Protein chains: 2
Amino acid sequence: MARLDDLITRKGVYRHGSILYRSGDKFQALYAIRTGFFKTQILNEDGREQVTGFQMAGEIIGMDGISSDAHTCDAVALEDSEVCEIPFSRLEDLGRELPPLQRHLHRILSREIVRDQNVMLLLGSMRAEERLATFLLNLSQRFAVRGYSPTSFQLRMTRHEIGSYLGLKLETVSRALSHLQESKLINVRNRSLEILCLSGLQACMGKRTR
Amino acid sequence: MARLDDLITRKGVYRHGSILYRSGDKFQALYAIRTGFFKTQILNEDGREQVTGFQMAGEIIGMDGISSDAHTCDAVALEDSEVCEIPFSRLEDLGRELPPLQRHLHRILSREIVRDQNVMLLLGSMRAEERLATFLLNLSQRFAVRGYSPTSFQLRMTRHEIGSYLGLKLETVSRALSHLQESKLINVRNRSLEILCLSGLQACMGKRTR
DNA sequence: CTTATGGCTTGATATATATCAAAATTAACA
DNA sequence: TGTTAATTTTGATATATATCAAGCCATAAG
């Protein structure tokens with residue numbers, strides 16, 4: 001553990017809107033978010049963007065860069081955030097000496113694969129309101145794990161960014177939020193969100209017309 | 001290399017329709033496809049399915065299982081296929097001794113992450129015909145790498161499976177194929193596909209109304 | 001060779017979401 | 001702190017894709 005600490009260096013503070021890495025940047029390190037909130041996004045040749053994830057404190061980003069020694073997405077701070085850098089080749093070196101660390105790295109990489117595949121399921125088979133419910137429940141769980149309220153939190157991203165992540169236009173996101181509110185499942189006012197009925201939201205995930 | 005060969009064992013032949021692993025199966029190994037064609041899919045609680053990928057000879061599957069020691073998707077043979085098994089903990093052991101092998105594994109895991117994120121882009125931001133063009137061009141490239149014709153090949157999957165992968169209904173897939181054919185970009189008759197104009201298909205990827 | 005079954009295509013119609021537009025609200029900044 | 005710019009909501013309408021339905025084709029089984 002001491003040796004891992006030795007590896008990790010405080011990379012610094014990223015102000016709201018600033019960029020941790022860009023697509024095309026040389027890959028050298030993974031980043032552990034200490035505090036704050038990021039989004040990752042990829043851009044098409046023709047300028048279309050897709051938000052591929054929202055990352056919060058305790059999560060690791062940058063794994064996309066390993067495959068080609070260059071990052072394939074942008075990572076942007078959605079609020080002032082503190083980040084630690086984990087030089088990747090040194091992490092690999094250390095992993096060779098410490099099997100549990102090696103295993104841990106593999107699990108983190110695989111967890112990202114599983115997460116991505118669940119987003120595919122969401123994008124490929126769910127209706128707008130279901131996608132939103134799934135998204136809110138996912139945020140809720142992740143806040144809960146960190147000791148924050150699972151039922152009351154701030155959205156760190158715009159409706160446009162939520163829409164980009166969920167494959168919807170921002171108007172659709174807004175309407176779906178309004179509708180969940182009418183259904184008494186949530187309270188939403190700007191970026192503050194309150195979940196009134198977790199089980200109701202869960203039920204909402206299972207509704208298919210599509 | 002000899003030691004890697006030592007690790008890998010021929011797992012056997014999987015007949016068309018048979019299952020290499022199922023969601024929930026204990027994770028013990030990665031699988032290298034020697035010959036043939038697979039699909040991987042996840043299933044919702046409520047029975048909805050999402051095809052998460054199509055894998056061909058030379059590709060590795062099973063990486064989803066590392067994170068929780070259990071597979072999170074099903075892998076199904078789409079034609080008679082031959083598979084090799086790579087016991088994962090032994091692969092990790094060997095990776096600790098052979099840094100290039102370790103690095104190779106990390107690249108493979110990361111490549112899957114990048115692939116998945118590009119599918120997110122497809123599902124989140126492309127129109128039906130674009131998705132199909134992207135899909136066909138991806139198959140084309142992968143066949144080319146393997147020394148097969150990039151412009152003439154057999155589709156190994158049904159319209160339904162293509163639709164599940166692309167987030168479309170099978171009728172939409174069928175119509176989009178017909179339309180690409182009318183546009184003289186492809187010839188398609190059942191499962192045989194011929195690409196008449198690679199650059200035309202590429203241009204088709206960039207068309208947005210959405 | 002014949003029949004049956006699953007897969008595919010095409011048409012008509014329905015529907016979910018996108019698009020366009022305007023106003024209201026909030027946040028950023030000078 | 002006033003002013004501007006960005007974000008959000010909501011409505012009206014357009015459109016892409018889903019749904020429903022029927023017939024056709026191809027492959028597999030008897």
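Keep in mind the model is a prediction, meaning the values are calculated, not measured. Letters go in sequence order (proteins before strands), and every chain restarts at 1. We use all heavy atoms of the structure for the numbers below, so side chains are in, but hydrogens, waters and symmetry mates are not.
Here C:dA27 presents its P atom at 13 Å from CG of A:Leu155, a figure rounded to the nearest Å. Following rounding to the nearest Å, A:Arg191 (CZ) and D:dT7 (P) show an atom-to-atom distance of 8 Å. Protein atom CZ of A:Arg189 is 9 Å distant from nucleotide atom C1' of C:dT26, rounded to whole Å. If you measure from atom CZ of A:Arg48 to atom C1' of C:dA18, you get 14 Å, rounded to the nearest angstrom. In this entry the distance linking CG of B:Leu168 with C1' of C:dT17 reads 15 Å, nearest Å. Atom NE2 of B:His16 and atom P of C:dG7 are 9 Å apart (whole Å). A straight line from CD of B:Glu182 to P of C:dT9 spans 12 Å, rounded to a whole angstrom. D:dT15 atom C1' lies 15 Å from atom CD of B:Glu129, rounded to whole Å.
Candidate nucleotides D:dT17, C:dT9, D:dA26 were compared by shortest atom distance to the side chain of B:Arg159, and C:dT9 ranks first. Side-chain atoms of B:Ala128 lie closest to D:dT17 of the nucleotides D:dT17, D:dT9, D:dC25. Side chain of B:Lys169, nearest nucleotide from D:dA18, C:dC8, D:dT9: D:dA18. With D:dT17, C:dC8, C:dA18 as the choices, the nucleotide that has an atom nearest any side-chain atom of B:Ser174 turns out to be C:dC8. Checked against D:dT9, D:dT7, C:dT26, the side chain of A:Leu170 finds its nearest nucleotide in D:dT9.
Remark: side-chain polar atoms of B:Arg159 are not paired, donor with acceptor, to backbone N or O of B:Val173 under 3.5 angstrom. Side chain of A:Thr72 to backbone of A:Ser23: no donor-acceptor contact under 3.5 angstrom is found.
A salt bridge is defined here as a Lys NZ or Arg NE, NH1 or NH2 lying under 4.0 Å from an Asp or Glu carboxylate O, and A:Glu130 with B:Arg48 meets this definition. Remark: B:Arg107 does not engage B:Glu112 in a salt bridge, criterion side-chain N to carboxylate O under 4.0 Å.
In terms of position along DNA chain C, the nucleotide closest to B:His160 lies nearer the 5' end than the nucleotide closest to the other residue of the pair B:His160 and A:Thr172.
Between the side chain of B:Arg175 and the base of D:dT19, at least one donor-acceptor pair of N or O atoms lies under 3.5 Å. A donor N or O paired with an acceptor N or O is found under 3.5 Å between the base of D:dC20 and the side-chain atoms of B:Glu171.
Aromatic pair B:Phe38/B:Phe54: ring centres not closer than 6.0 Å.
Note on A:Leu177: nothing from the nucleic acid sits closer than 4.0 angstrom, heavy atoms only.
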